[in-house]
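Along the sequence shown, residues are numbered consecutively beginning with 1.
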Amino acid sequence: MTRTLLIDGNSLLNTGFHGIKNMYNGTDHIGGLYHFLNTLRKLIDTYLLTKIVVFWDGEENTKPRLEFYPDYKLNRRLKPKSEDDLQSYARQKLRIQEYLEELYVRQSTFKWCEADDCMGYYCEKSKKEDIIILTSDRDLLQLINKNVSVHVISLNKLFKYGDKVPLNGVNIPPYNVRVTKTICGDSSDNIYGIKMVGVKSLIKIKPEILEEKVTLDDILNTIKSKTKINKKEKNILEGVTQKQPSMFYKERENISILETNYKIIGVGKQFLTKDAVNGINDLSKEAIDPEGRHWKNALDLMMSDGILNILPKKDDAWVDFVRPFLRLTRIEKDFYKNKRHE
């Protein structure tokens, strides 16, 4: 079975860009660049990967969700980066993309589409692959199933089928992540939860959420069946959020706040464009054309970017660094040859 790593490119780049601040080549910061490549080479060996796909957030990637929920990620939009940071980030991102082209790593970006949704749809369409998702976004824990695992960058831990996953200090089954965030909210994406209701409160209302699949209707019906409903449960039924509902909600009479949250938190095809759907379908099965690609081109980039100066001081340090990529390259070249002879 093909063993595939799906990468949230922006998430991995952000980790190195903000986490390795003092790594420079001359005046150019290269922390994000080095961390990205070093992480890939380690994971190729750790998980014995045979395919890597990097998805980047597209231009205006939040547009579809903003049209549905105007406050989406508003907290992030209110924290602008400096012009120097923006330029450095863009430079390192472009350079990483050049490396990936030489090292037989698939990558895609689609206008108006978030990487999370692309990865969700890829998992849906590629059930014959053994997939590992690399991300810092815990929303993607909802995708875990028999053939999909999630490696959370911030925890440096792999969560697989059968595991419970951490959410606000509580471990729950991954298939309940979406419904839990629907009710409790997600501060990282500025999604308002129900007032006074956290994960622990929700567990008291519906203890089954710790062990078995629970739907939004299950929770609502459990509350409605009670003879005495407390304030927290009433807030859930009435959709009373942590913040005062905006005019946007008042104008949308046909959809509740819980239905809105549930749709926003879900990842997959629902917010993808037709071009993205078609592109991901092709990406999941296409072979990489070796024309013009060579690991020596990547080595030239490493020399230019000062990556070789960071490696341990021994003659074959660069060989150790690129060896995992060479293994991936051989696999992809063999796949290309086989596809041509089909």
Under the ring-ring contact (aromatic ring centres under 6.0 Å, His included) definition, can you give me all pairs with a residue in residues 262-309, not counting sequence neighbours?
W295-W318
I'd like to know if [X] pairs up with [Y] as an ion pair, taking the criterion as any Lys NZ or Arg NE/NH1/NH2 lying under 4.0 Å from an Asp or Glu carboxylate oxygen.
{"X": "D320", "Y": "K314", "answer": "yes"}
{"X": "R106", "Y": "E332", "answer": "yes"}
{"X": "E114", "Y": "K73", "answer": "yes"}
{"X": "D218", "Y": "K206", "answer": "no"}
{"X": "R95", "Y": "D28", "answer": "no"}
{"X": "R293", "Y": "E101", "answer": "yes"}

Other residues, nucleotides and ligands only: do more than 12 of their heavy atoms fall within 6.0 Å of [atom1] on [X]?
{"X": "K125", "atom1": "NZ", "result": "no"}
{"X": "K339", "atom1": "NZ", "result": "yes"}
{"X": "K313", "atom1": "NZ", "result": "yes"}

Which ILVMFWY residues are connected to I288, directly or by a chain of links, through side-chain heavy atoms under 4.5 Å apart?
Y104
Cluster link [X] to [Y], ILVMFWY, side chain under 4.5 Å:
{"X": "L141", "Y": "I153", "result": "no"}
{"X": "L100", "Y": "I331", "result": "no"}
{"X": "I131", "Y": "I7", "result": "no"}
{"X": "Y99", "Y": "L134", "result": "yes"}

Minimum side-chain heavy-atom gap [X]-[Y] below 4.5 Å:
{"X": "T180", "Y": "I209", "value": "yes"}
{"X": "S136", "Y": "N14", "value": "no"}
{"X": "K160", "Y": "I144", "value": "no"}
{"X": "H18", "Y": "D85", "value": "no"}
{"X": "V165", "Y": "P174", "value": "yes"}
{"X": "P290", "Y": "Y336", "value": "yes"}

Mind checking ring-ring contact (aromatic ring centres under 6.0 Å, His included) for Y24 and listing every partner two or more places apart, or none if nothing turns up?
H29
Which of these, D217, I172, I219, L202, sits in a side-chain contact (heavy atoms from CB on, under 4.5 Å) with V179?
I219
Any side-chain donor paired with an acceptor under 3.5 Å for N281 and Y121?
yes
I'd like to check the side chain to side chain contact (heavy atoms under 4.5 Å, CB included) partners of D275; sequence neighbours left out, ordered by chain and number.
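Partners of D275 by the side chain to side chain contact (heavy atoms under 4.5 Å, CB included) criterion, ordered by chain and then number, come out as T273.
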Determine, stepwise, if the pair D117 / K269 fulfils salt bridge (Lys or Arg N to Asp or Glu O under 4.0 Å).
CA-CA 6 Å; D117 292 313; K269 186 178 179 180; over 6 Å; no
What side-chain donor-acceptor pairs closer than 3.5 Å can you find for residues 49-56, not counting sequence neighbours?
from : atom 1 : to   : atom 2 : distance (Å)
T50  : OG1    : R3   : N      : 2.8
T50  : OG1    : R3   : O      : 3.3
K51  : NZ     : Y122 : OH     : 3.2
K51  : NZ     : E129 : OE2    : 3.1
K51  : NZ     : S284 : O      : 3.0
W56  : NE1    : Q107 : OE1    : 3.1

Does the side chain to side chain donor-acceptor pair (under 3.5 Å) test come out yes or no for N190 and Y72, once each step is laid out?
CA-CA 6 Å; N190 207 50; Y72 181 61; over 6 Å; no
Qualifying salt bridge (Lys or Arg N to Asp or Glu O under 4.0 Å) pairs, either residue in residues 164-180, two or more places apart
K164-E211
